[in-house]
Number of protein chains: 2
Amino acid sequence: MEDEVDRLVAAWRRERPDLDVEPLEVLSRVSRLARHLDRARRTAFAEHGLEPWEFDVLTALRRAGTPYQLSPGQLLTQTLVTSGTMTNRIDRLTGKGLVKRLPDPDDRRGVLVRLTDDGRDRADQALAGLLAHERELLAQLTSGQQTELAALLRQLVAPFDNIPG
Amino acid sequence: MEDEVDRLVAAWRRERPDLDVEPLEVLSRVSRLARHLDRARRTAFAEHGLEPWEFDVLTALRRAGTPYQLSPGQLLTQTLVTSGTMTNRIDRLTGKGLVKRLPDPDDRRGVLVRLTDDGRDRADQALAGLLAHERELLAQLTSGQQTELAALLRQLVAPFDNIPG
DNA sequence: CGCAGGTATCTCGACATCAAGATATCTCGG
DNA sequence: CCGAGATATCTTGATGTCGAGATACCTGCG
């Protein structure tokens, strides 16, 4: 089946036959797919009254395990946003009663963000919902293809995740 | 090489052993890679004095071929943004002299957005720069792996691109 | 021909994000 | 123990995006 990127690449080959646009076959698809995923996620989370950014923060805390707390700095590296954004997110989640800020006992500059019971429940429910939706999207691929795809993507992401940048 | 998603999946398996989080192996990597790509693209375009969103619009017009013009509606579907956003983008690109708005001779509701000569040159230069950067990122993979990856991604994107949504 | 519904674009207000800088605190060499 | 530089978080101002609604125009049925 043809997709938008096939049309995009064909157009470039026609307009700029002098260029090798092969990289777009992979990377434009990654960008476009991510865009579509964002929309699908937004829909999935709406069923649980959460925004995507709320999910990102709550699940980062949930994954940390008891007592479900992390510093804003740790949340930054997991969510790939800037510190100003994270401050704002924590403020709003605090306002909704899903997390609370505690002083870090070992560092007076620091803060610990902890999930409330309500926040934990919401995160658990939304995760289950998300996985159900994502499984549908992936039904296009066999289990073997999914594994293969994951491995190829890992090779591309690893440099970003391991060399600080 | 391990990446952030490996750690994420391991954390979920520890915290929620009852859930099958396999879908994250693919889709979380797509989202995270897209995020990293956005940053890399921003850097690449800065060398040519362009923002990513400017590049998206200018190259859509460039790909259309002579006379390098499309309606705002056509630009919407290619760039996956809303109409309010596109109006705003066209305004700003017009202000920078990279595109201009012309009335559609066949539909008085309509408008045609056309690339200026300067806009065309900027698009061409930025594209060449982008491809160079992207080729480096893809050096992680053999040519065969790139083809394979592109094919797998196509299967996932195609439903979005072909079933209107 | 006239009107109902559809379509193309723009307007407007709310909001999330970012970048850069401010503030408070920590760390460690001297 | 002091001060320089690093670190953690928050503040601020600008900006881009979205969503819903407004406006103008087109199309086709009756």
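A note on names: the letters A, B, ... follow the listed sequences, proteins ahead of strands, and every chain is numbered from 1. As the structure is a prediction and not an experimental result, all values here were calculated from the model.
- The shortest non-hydrogen separation linking B:E25 to A:A150 is O-CB, 3.7 Å.
- Between the side chain of B:T85 and the base of D:dC18, no donor-acceptor pair under 3.5 Å is found.
- Here B:G84 lies in heavy-atom contact (under 4.0 Å) with a base.
- As a whole-Å value, the separation of A:I90 CD1 from D:dT9 P is 8 Å.
- Atom C1' of nucleotide D:dC10 and atom CG of A:L76 are separated by 12 Å, given to the nearest angstrom.
- The side chain to side chain contact (heavy atoms under 4.5 Å, CB included) test with A:L115 singles out one residue from A:Q69, A:K100, A:R120, A:R122, and that residue is A:R120.
- For a distance-only test at 3.5 Å, the side chain of B:R109 fails to qualify as a donor-acceptor partner of the base of C:dT9.
- Atom P of nucleotide D:dC10 and atom CG of A:D107 are separated by 12 Å, given to the nearest angstrom.
- Taking for each of A:E51 and B:R42 the nucleotide of DNA chain C with the nearest heavy atom, the 5'-most of the two is the partner of A:E51.
- A close approach under 4.0 Å does occur between a side-chain nitrogen or oxygen of B:R35 and OP1 or OP2 of C:dC18.
- Here C:dC10 is the nucleotide among C:dA16, C:dC26, C:dC10 with the atom lying nearest to any side-chain atom of B:S83.
- Protein atom CG of A:L75 is 11 Å distant from nucleotide atom P of D:dC10, rounded to whole Å.
- Cluster annotation: A:F45 and A:L98 are assigned to the same hydrophobic cluster (Ile/Leu/Val/Met/Phe/Trp/Tyr, side-chain heavy-atom contacts under 4.5 Å, transitive).
- In terms of phosphate contacts, B:R89 brings a side-chain nitrogen or oxygen within less than 4.0 Å of OP1 or OP2 of D:dT17.
- Spacing between atom CG of A:D38 and atom C1' of D:dT17 amounts to 13 Å, rounded to whole angstrom units.
- With rounding to whole Å, B:M86 atom CE is found 11 Å from C:dT9 atom P.
- Across all strands, B:D104 comes closer than 4.0 Å to no nucleic acid atom at all (heavy-atom distances).
- The nearest whole Å value for the distance from the CG atom in B:L93 to the C1' atom in C:dC10 is 16 Å.
- Along DNA chain D, the nucleotide closest to B:L80 and the one closest to A:D91 are compared, and the more 5′ of them pairs with A:D91.
- No side-chain heavy atom of A:V81 sits under 4.5 Å from any side-chain heavy atom of A:L75.
- Checking C:dC26, C:dC10, C:dT17 against the side-chain heavy atoms of A:R92 singles out C:dT17 as nearest.
- Comment: A:D121 does not engage A:R62 in a salt bridge, judged by the lack of any side-chain N to carboxylate O separation of less than 4.0 angstrom.
- Remark: P of D:dT9 and CD of A:Q69 are 12 Å apart, rounded to the nearest angstrom.
- Here the nucleotide nearest the side chain of B:V81, chosen from C:dT17, D:dA8, D:dC18, is D:dC18.
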